[in-house]
**Q** 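Below: one structure in structure tokens.
All figures in this text were calculated on a predicted structure; none of them were measured in a lab.
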Amino acid sequence: MSEIVMRRATATDAAALAELAAETFPLACQPNTPAEAIAAYIDEELTVARFEEHLDDAARVLFVAEESGGRLVGYTMLITGEPGDPDAAAVVVARPAVELSKVYTRGAVHGTGVAQASGSRSGAGWRRTGCSSARSSRDDCHRRYL
């Protein structure tokens, strides 16, 4: 595996992020998730246009893990602001808050430390947002990175 660089995503990454997300999203789904539901989510939510919106949204910060040849192998997304989920809003007591919404890596780099490095980079990034607390949208799965 080539050297991996962690960096903040830019508008020019939208197409590569959409391709990466379409590959990695199914890896995070429950085994019994219908293939049609996965495909519909990818077609509706993981598009170039959607990533362009995310990258243009001041409340979102995306980081990418990039191989030395320029290929993206992972990404994370932070979302600042009030939690959208009422249950999360009830337990997040320190404001302002940030959510670690996404941590995805290609299957080929699973077990190599890329996800951990991506989470660490995001953790460093959220501290610079001025937020007082962080939470993960994936229960305990991301907590170790913050």
Side-chain angles (χ1 to χ4, degrees), residues 4-34 36-67 70-146:
I4 304 293
V5 173
M6 305 295 168
R7 63 172 176 80
R8 188 166 177 167
T10 67
T12 61
D13 292 315
L17 279 162
E19 182 272 325
L20 173 63
E23 179 184 327
T24 59
F25 177 73
L27 300 174
C29 294
Q30 295 293 323
N32 61 344
T33 305
E36 301 80 22
I38 293 171
Y41 186 83
I42 290 169
D43 289 345
E44 294 168 17
E45 298 296 329
L46 303 179
T47 64
V48 174
R50 185 61 119 175
F51 276 98
E52 288 171 341
E53 291 173 13
H54 293 329
L55 291 162
D56 194 42
D57 183 349
R60 295 175 191 264
V61 178
L62 284 81
F63 294 98
V64 295
E66 182 179 46
E67 291 180 321
R71 181 175 181 244
L72 301 186
V73 294
Y75 79 100
T76 61
M77 182 187 302
L78 299 172
I79 305 172
T80 59
E82 190 63 25
D85 178 343
D87 292 333
V91 297
V92 175
V93 295
R95 301 286 199 279
V98 65
E99 172 189 357
L100 176 58
S101 173
K102 310 273 186 270
V103 177
Y104 287 98
T105 60
R106 294 188 193 274
V109 298
H110 287 183
T112 65
V114 170
Q116 184 176 5
S118 295
S120 294
R121 177 68 170 95
S122 293
W126 85 260
R127 289 177 187 89
R128 287 191 291 277
T129 66
C131 290
S132 300
S133 66
R135 72 176 191 84
S136 171
S137 61
R138 298 280 186 190
D139 301 314
D140 292 326
C141 126
H142 299 150
R143 287 176 209 232
R144 67 176 168 248
Y145 301 127
L146 299 176

**Q** Going through the distances and angles, do Leu78 and Glu99 end up as a side-chain contact (heavy atoms from CB on, under 4.5 Å)?
**A** CA-CA 5 Å; Leu78 299 172; Glu99 172 189 357; over 6 Å; no
**Q** If I compare all heavy atoms of Pro26 with all of Ile38, which pair ends up nearest, and what's the gap?
**A** CG-CG2, 3.8 Å
**Q** Just list the side-chain donor-acceptor pairs under 3.5 Å for residues 54-62, sequence neighbours left out, or say none.
**A**
residue: Asp57; atom: OD1; partner: Ala59; partner atom: N; Å: 2.8
residue: Asp57; atom: OD2; partner: Arg60; partner atom: NE; Å: 3.1

**Q** Got Val91 and Asp87 here, is their nearest side-chain heavy-atom distance under 4.5 Å?
**A** no
**Q** Considering non-hydrogen atoms only, spot the tightest contact between Val109 and Thr112 and give its length.
**A** O-OG1, 2.6 Å
**Q** Which heavy atom of Ala14 sits nearest a heavy atom of Glu52, and at what distance?
**A** CB-CG, 3.6 Å
**Q** Filter on side chain to side chain donor-acceptor pair (under 3.5 Å), then keep only pairs touching residues 37-48, sequence neighbours left out; what's left?
**A** Glu45-Arg50
**Q** Pair Phe51, Asp13 - check side-chain contact (heavy atoms from CB on, under 4.5 Å), show working.
**A** CA-CA 8 Å; Phe51 276 98; Asp13 292 315; over 6 Å; no
**Q** Which residues pass the side chain to side chain contact (heavy atoms under 4.5 Å, CB included) test with Gln30, sequence neighbours left out?
**A** Asn32, Thr33
**Q** Please identify which of these residues, Arg7, Arg8, Met6, meets the side chain to side chain contact (heavy atoms under 4.5 Å, CB included) condition with Val64.
**A** Arg7
**Q** Ile42 and Ala22: which non-hydrogen atoms are nearest, and at how many Å?
**A** CD1-O, 3.6 Å
**Q** Does Leu72 reach the side chain of Glu66, with side-chain heavy atoms less than 4.5 Å apart?
**A** yes
**Q** Are Leu27 and Tyr104 side-chain neighbours, meaning at least one heavy-atom pair lies under 4.5 Å?
**A** no
**Q** To the nearest 0.5 Å, how far apart are CG in Leu17 and NZ in Lys102?
**A** 12.0 Å
